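What you see is a predicted model; the values in this text were computed from it and never measured.
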Amino acid sequence: MGLLGGTATAAYADDPKNPSADTGRAADAGAAADADARRLDEVRKKIDALYRKAEQATDAYNAAKEQVEIQQKEIVKLARSIDTTQRRLATLKRQAGALASAQYRGGGLPAEAKLMLNVDPEGFLDNATLARKGQLAAKRMISQLSYLEGDLEDYSDSATERWEKLEANRKKKESARRDIKKKIDEAKKLESRLAAKEKDRLKKLEDEQAFKQQQKWLDSGVLKDISNKASALGKKAISFATAQIGKDYVWGAEGPDTFDCSGLTLRAWQAGDRTIPRTSQEQWRQLPRIALKDMRPGDLIIYFSDASHVGMYLGDGAIVHAPRPGRQVTITGAGSMPILGVVRPDGDR
């Protein structure tokens, strides 16, 4: 009965004389389009979540990489200190050996005994002076030997500790690198399953979502108090950042041909004569924070609750940033992502 009913319904729907046929087909097509749109939006959300996780891992990678570089430099400095101390220690030991040999050649008698055996008053006084000098020299040498040996032990302990930290950070870096690759590969796999038209629609969906968030931010009236005047150093940083538009995002990259988000702001502010931390999280932690209403072009806007993304404010509600893998350095709305806060690399200038 069900099969018959289905067939009858289909025949009825295909009847050109049936006025409701077109309406039914349109409704079915509309429902299919809605379902397709929902599916694509779910894909967009999954891809966005994966890239967000990859960006968090990128920050961890960059931080660990920076620590590895710092620790390597400290270990080199310690190695030089150990080498210098060992040379000084060797020199003192040679001097101590020479002093012992001189005593042996003198008959092996202690200075005090030689002093008592001297019957000449002037010779007695000379011997007394020499004995005191010898004793002081010996004490100083023993003290220096002890001090240098202590230094050498401290340097060696410190070098061992630094090396252990270096290895731990190398492992963190490698773990973060694997995590990033895994997330990016998953996101790329999701995108690769889409047809060319769907990829275009996905990009439009991303842009629409960003536009909605930006519009909501602008509608709040946030721009009415924000200055559009950059500092002299800020202008240099902006000039560098905007000159990179169109270059690919690559995680961990600091230029000149590819950038990640904090790699772009790092190099831009180096062009603005300021050295800032490598990662967006450290930029948020270490740089002076500015109220949103006091923001000016050149300031850095930190995004998301974990401070995992950063862009440079350009004025008129726009930022330049390196978005994510598969995208290029671009200009977008400053309110298109959740803002954590604003920092100013050139302080209060």
Colleague: Which pair of non-hydrogen atoms, one from P323 and one from Q328, has the smallest distance, and what is that distance?
Modeller: CD-O, 3.1 Å
Colleague: Which value, rounded to the nearest 0.5 Å, describes the distance between E208 atom CD and L205 atom CG?
Modeller: 5.5 Å
Colleague: Search all heavy atoms of L340 against all heavy atoms of A307 and return the closest pair with its distance.
Modeller: CD2-CB, 3.8 Å
Colleague: Have a look at D299 and tell me which of K229, K293, R344, R289 forms a salt bridge (Lys or Arg N to Asp or Glu O under 4.0 Å) with it.
Modeller: R344
Colleague: I'd like to know if V250 and I245 are part of one continuous hydrophobic network [Ile/Leu/Val/Met/Phe/Trp/Tyr, side-chain heavy atoms within less than 4.5 Å].
Modeller: no
Colleague: Any donor and acceptor pair, going by atom type alone, linking the side chain of Q214 with main-chain N or O of G317 inside 3.5 Å?
Modeller: yes
Colleague: Whether the side chain of Q283 engages the backbone of P277 through a donor-acceptor N/O pair (distance < 3.5 Å, no angle test) should be reported.
Modeller: yes
Colleague: Check S280 against S308 and note the closest heavy-atom contact, atom names and distance.
Modeller: OG-C, 3.4 Å
Colleague: Taking side chain to side chain contact (heavy atoms under 4.5 Å, CB included) as the definition, give me every residue that meets it alongside A334, ordered by chain and number, with sequence neighbours left out.
Modeller: W217, I301, Y303, Y313, I319
Colleague: If we only count heavy atoms from C-beta on, is the L266 to E254 side-chain gap below 4.5 Å?
Modeller: yes
Colleague: Between W284 and V342 (side chain of the first, backbone of the second, donor and acceptor by atom type, cut-off under 3.5 Å), is there such a pair?
Modeller: no
Colleague: Working note: V320 + T330, criterion side-chain contact (heavy atoms from CB on, under 4.5 Å); need CA distance, chi angles, decisive distance, verdict.
Modeller: CA-CA 6 Å; V320 58; T330 189; over 6 Å; no
Colleague: Do R296 and D346 come within less than 4.5 Å of each other through their side chains, counting heavy atoms only?
Modeller: yes
Colleague: Quick one: pull up CD1 in I238 and CG in L233 and give me the separation to the nearest 0.5 Å.
Modeller: 11.0 Å
Colleague: Distance-only, no hydrogens or angles: does the K216 side chain make a donor-acceptor pair with backbone N or O of F211 under 3.5 Å?
Modeller: no
Colleague: Using every non-hydrogen atom in the two residues, find where A230 and P297 come nearest and quote the distance to one decimal.
Modeller: CB-O, 3.5 Å
Colleague: Using the side-chain contact (heavy atoms from CB on, under 4.5 Å) rule, take F304 and M337 through it: C-alpha gap first, then chi angles, then the decisive distance, then the call.
Modeller: CA-CA 7 Å; F304 304 106; M337 295 167 283; 4.2 Å; yes
Colleague: Please check if any side-chain donor atom of Q215 sits under 3.5 Å from a side-chain acceptor atom of K212, or the reverse.
Modeller: no
Colleague: A side-chain contact here means heavy atoms from C-beta on lying under 4.5 Å apart; do T265 and F259 qualify?
Modeller: no
Colleague: Please step through side-chain contact (heavy atoms from CB on, under 4.5 Å) for the pair T242 and L314, ending with a clear verdict.
Modeller: CA-CA 9 Å; T242 51; L314 298 177; 3.9 Å; yes
Colleague: Which residue pairs pass the salt bridge (Lys or Arg N to Asp or Glu O under 4.0 Å) test with at least one member in residues 231-246, sequence neighbours excluded?
Modeller: K236-D273
Colleague: Does the side-chain contact (heavy atoms from CB on, under 4.5 Å) test come out yes or no for H321 and V329, once each step is laid out?
Modeller: CA-CA 6 Å; H321 74 143; V329 176; over 6 Å; no
Colleague: So, for I331 and A318, which heavy atoms are closest and what is the spacing to 0.1 Å?
Modeller: CG2-CB, 4.0 Å
Colleague: Looking at T258 and Y249, would you say the former's side chain and the latter's main chain have a donor-acceptor pair under 3.5 Å?
Modeller: no
Colleague: If I compare all heavy atoms of R278 with all of S262, which pair ends up nearest, and what's the gap?
Modeller: NH1-OG, 2.7 Å
Colleague: Mind running side chain to side chain donor-acceptor pair (under 3.5 Å) on Q270 and T275 for me, showing each step along the way?
Modeller: CA-CA 5 Å; Q270 280 181 348; T275 299; 5.2 Å; no
Colleague: Per the salt bridge (Lys or Arg N to Asp or Glu O under 4.0 Å) rule, what does the pair list look like for residues 303-331, sequence neighbours excluded?
Modeller: R52-D306, E191-R324, E206-R324, E206-R327
Colleague: Taking the side chain as every heavy atom from C-beta outward, state whether L300 and I276 have any pair of such atoms under 4.5 Å apart.
Modeller: yes
